[in-house]
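Counting begins at 1 with the first residue of the sequence.
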Amino acid sequence: MSKNSIDNKMNKIVSLCKRKGYIFQSSEIYGGLDSCYDYGPLGIELKRNVKEFWWKSMVQYRDDIVGLDAAILMHPRIWEASGHVEGFVDPLIDCKTCKGRFRADQLESTPCPQKPSKMVNECGGELTEVRQFNLMFKTHMGAVEEDASAVYLRPETAQGIYVNYTNVLQSSRQKVPFGIAQIGKAFRNEITPRYFIFRTREFEQMEMQFFVKPGRDEEWFEYWKEQRIRWYDELGIRKENLRFHQHDENELAHYAAVAFDIEYNFPFGWKELEGIHNRTDFDLKRHMEYSGKDLRYFDDATRERFVPYIIETSAGCDRTLLTALVDAYEEEELENDTRTVLRLSPKIAPIKAGIFPLVKRDGMPELAHKIHDDLKRHMMVFYDEGGAVGRRYRRQDEAGTPFCITVDSQTLEDQTVTIRERDSMQQERVGMDAILNYLHERIN
Ligand code: GAP
């Protein structure tokens, strides 16, 4: 795909996100804050649905995984133990000519800000030596800004799970193998945030750490690879746009012995969507060493004591959202015009149904309001009586709403409505008392 068509598709998605209330630039009235975004009325519903879908499949439907919500600020020693203070760095390079700052390992794919047709490695700018730049945001706890009060905004949610592993084990009476899941914010001072919400400095992760007996790690790793790619399929992401990528030695994070990414075919190329890592006993051993606490597991059945290995599945919530939007966006050529449609899976669509009176008279608005009031206790629905019904359909197509319910003159006679399905645009008549079942069946 050419650079223009990449920009074109991404620009269209960014513009739709703003127009329909999915995602806004943070602090926009002050000129915006680079790489930070706010979720609008539709965006927050989509995000809640993605998170709920993840939580259901990773926690609610399983007996061997429990949840946790750890604090963002944690003891600074945790980040020494985890290796992040020392090793969570990116190579940074400055350009003295354009004053740009770049990742030294991405010069070939980063356009020069002054000569966008050339990449930074070929634009002729004067580059500095490479420096190592730590990605953690540092701040201070309490009133005194001194080194002793330094704390970090967590760059991954995982560490909150490791340091609570014995608390959870004892309180939930789980036995190895078992997992702990968490959804929460993470922060990274990325050198080159880019592609809208793909790489930002503040983002949300959906992480699960699965504790297994050493020696069983390889089979669990395979199990979680399959489970996780299937989850994106169930989310409605097209299979042909998903693939695995195995990390070679140069790509492996400091904590991982084996790592696979699930990648998505974005308009800007195949990129990481989720990481699946065999973190071995690295993290728990380091926390044992730094905290002085015994984090070994005692297996009642075999009378063995061991440090569990950890298989991690680490998904980006914002990145999943972007994936869902990109995968769903389509400009469909119809006989007389083009319609923009977001073919989001009904499971995660922010609004499940639009409800319209065909005209604003003859008691139709009253009936449509009644349907709206009944349905809103069960799902997100939207009442709209403004403009021609065709335009109302198109507005909902663009918002990703899978169903539109119209009250017309026949409704007044036989209490049936038309339900139009977004993707096929087919309509069928359904009794007013059967609408809820009809929607439930198709959404779930
Ligand atoms: N605990 C392991 C870990 O954090 P990672 O591969 O660095 O692994 C996991 O991150 C996921 O978090 C990524 O696959 C991505 O979806 C998301 N992620 C990481 N950095 C991000 C950023 N700067 N902006 C948005 N999402 C990010």
### Message
With side chain to side chain donor-acceptor pair (under 3.5 Å) as the criterion, how do Ser15 and Arg19 come out once you've worked through the C-alpha distance, each side chain's angles and the decisive distance to 0.1 Å?
### Response
CA-CA 6 Å; Ser15 142; Arg19 196 168 64 247; 3.1 Å; yes
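- Residues passing the salt bridge (Lys or Arg N to Asp or Glu O under 4.0 Å) test with Asp294 are Arg296, sequence neighbours excluded.
- Taking the six-membered ring where the residue is Trp, Phe268 and Tyr195 present parallel rings, their angle staying beneath 30° rather than reaching 60°.
- Between Glu289 and Arg286 no salt bridge is recorded (no basic side-chain N to carboxylate O distance below 4.0 Å).
- Legend: salt bridge (charged side-chain N to carboxylate O under 4.0 Å, His left out) pairs involving residues 70-95, not counting sequence neighbours, sorted by first then second residue: Arg77-Glu80, Asp90-Arg103, Asp94-Arg101, Asp94-Arg131.
- Two residues are said to be in side-chain contact when any heavy atoms from C-beta on lie closer than 4.5 Å; Glu226 and Trp224 fail this criterion.
- No side-chain N or O of Tyr37 forms a donor-acceptor pair with one of Asp318 less than 3.5 Å apart.
- Residues Arg395 and Asp384 are paired through a salt bridge, judged by an N-O separation under 4.0 Å between the basic side chain and the carboxylate.
- Residues Ser424 and Glu421 bring a donor and an acceptor atom of their side chains to less than 3.5 Å of each other.
- Judged as a side-chain contact (heavy atoms from CB on, under 4.5 Å), and not counting sequence neighbours, the contacts of Thr340 are Leu16, Tyr329, Glu331, Glu398.
- In this view, Phe298 satisfies the ring pair (Phe, Tyr, Trp, His ring centres under 6.0 Å) rule with no residue, not counting sequence neighbours.
- Contacts classified as salt bridge (charged side-chain N to carboxylate O under 4.0 Å, His left out) and involving residues 272-282 (residues at least two apart or in different chains) are given here: Glu156-Arg279, Arg228-Glu274, Arg279-Asp283, Arg279-Glu312, Asp281-Lys285.
- Between Asp374 and Arg377, none of the side-chain N atoms (NZ, or NE/NH1/NH2) sits under 4.0 Å from a carboxylate O, so this pair counts as no salt bridge.
- In summary, the side chains of Glu304 and Thr302 do present a donor paired with an acceptor at a separation below 3.5 Å, with no hydrogens or angles considered.
- Residues forming a salt bridge (Lys or Arg N to Asp or Glu O under 4.0 Å) with Glu251 (at least two apart in sequence, or on another chain): none.
- In this structure, a donor-acceptor pair under 3.5 Å is absent between the side chains of Asn11 and Asn8.
- A heavy-atom distance below 4.5 Å is not found between the side chains of Asn49 and Lys347.
- A heavy-atom distance below 4.5 Å is not found between the side chains of Leu295 and Val307.
- By the 4.0 Å N-to-carboxylate-O rule, Arg392 lies too far from Asp397 to be salt-bridged with it.
- For the salt bridge (Lys or Arg N to Asp or Glu O under 4.0 Å) test, no residue two or more places apart in sequence or in another chain qualifies with Glu333.
- In terms of the side-chain contact (heavy atoms from CB on, under 4.5 Å) criterion, residue partners of Ala399 (sequence neighbours excluded) are, by chain and number, Lys20, Leu42, Gln396, Thr401.
- Pairs of residues two or more places apart, or lying in two chains, that qualify as salt bridge (charged side-chain N to carboxylate O under 4.0 Å, His left out) and include a residue from residues 181-192 are Lys185-Glu202.
- Ring geometry, His247 versus His245: the interplanar angle falls from 30° to 60°, so the pair is classed tilted.
- Salt bridge present: Arg394 and Asp337 bring a charged side-chain N and a carboxylate O closer than 4.0 Å.
- Checked against side-chain contact (heavy atoms from CB on, under 4.5 Å), Asp69 has the following partners two or more places apart in sequence or in another chain: Gln182.
- Listed by first and then second residue, the salt bridge (charged side-chain N to carboxylate O under 4.0 Å, His left out) pairs that reach into residues 110-126 are Lys96-Glu126, sequence neighbours excluded.
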### Intermediate values then yes/no, salt bridge (Lys or Arg N to Asp or Glu O under 4.0 Å), Glu45 and Lys352
CA-CA 11 Å; Glu45 293 302 330; Lys352 307 302 182 196; over 6 Å; no
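- You'll find the side chain of Phe221 stays beyond 4.5 Å of the side chain of Asp217, heavy atoms only.
- Note: Tyr393 and Phe356 have tilted aromatic rings, judged against thresholds of 30 and 60 degrees for the angle between ring planes.
- Counting only residues at least two apart or in different chains, ring pair (Phe, Tyr, Trp, His ring centres under 6.0 Å) contacts with residues 83-117 comprise Trp79-His84, His84-Phe88, His84-His254.
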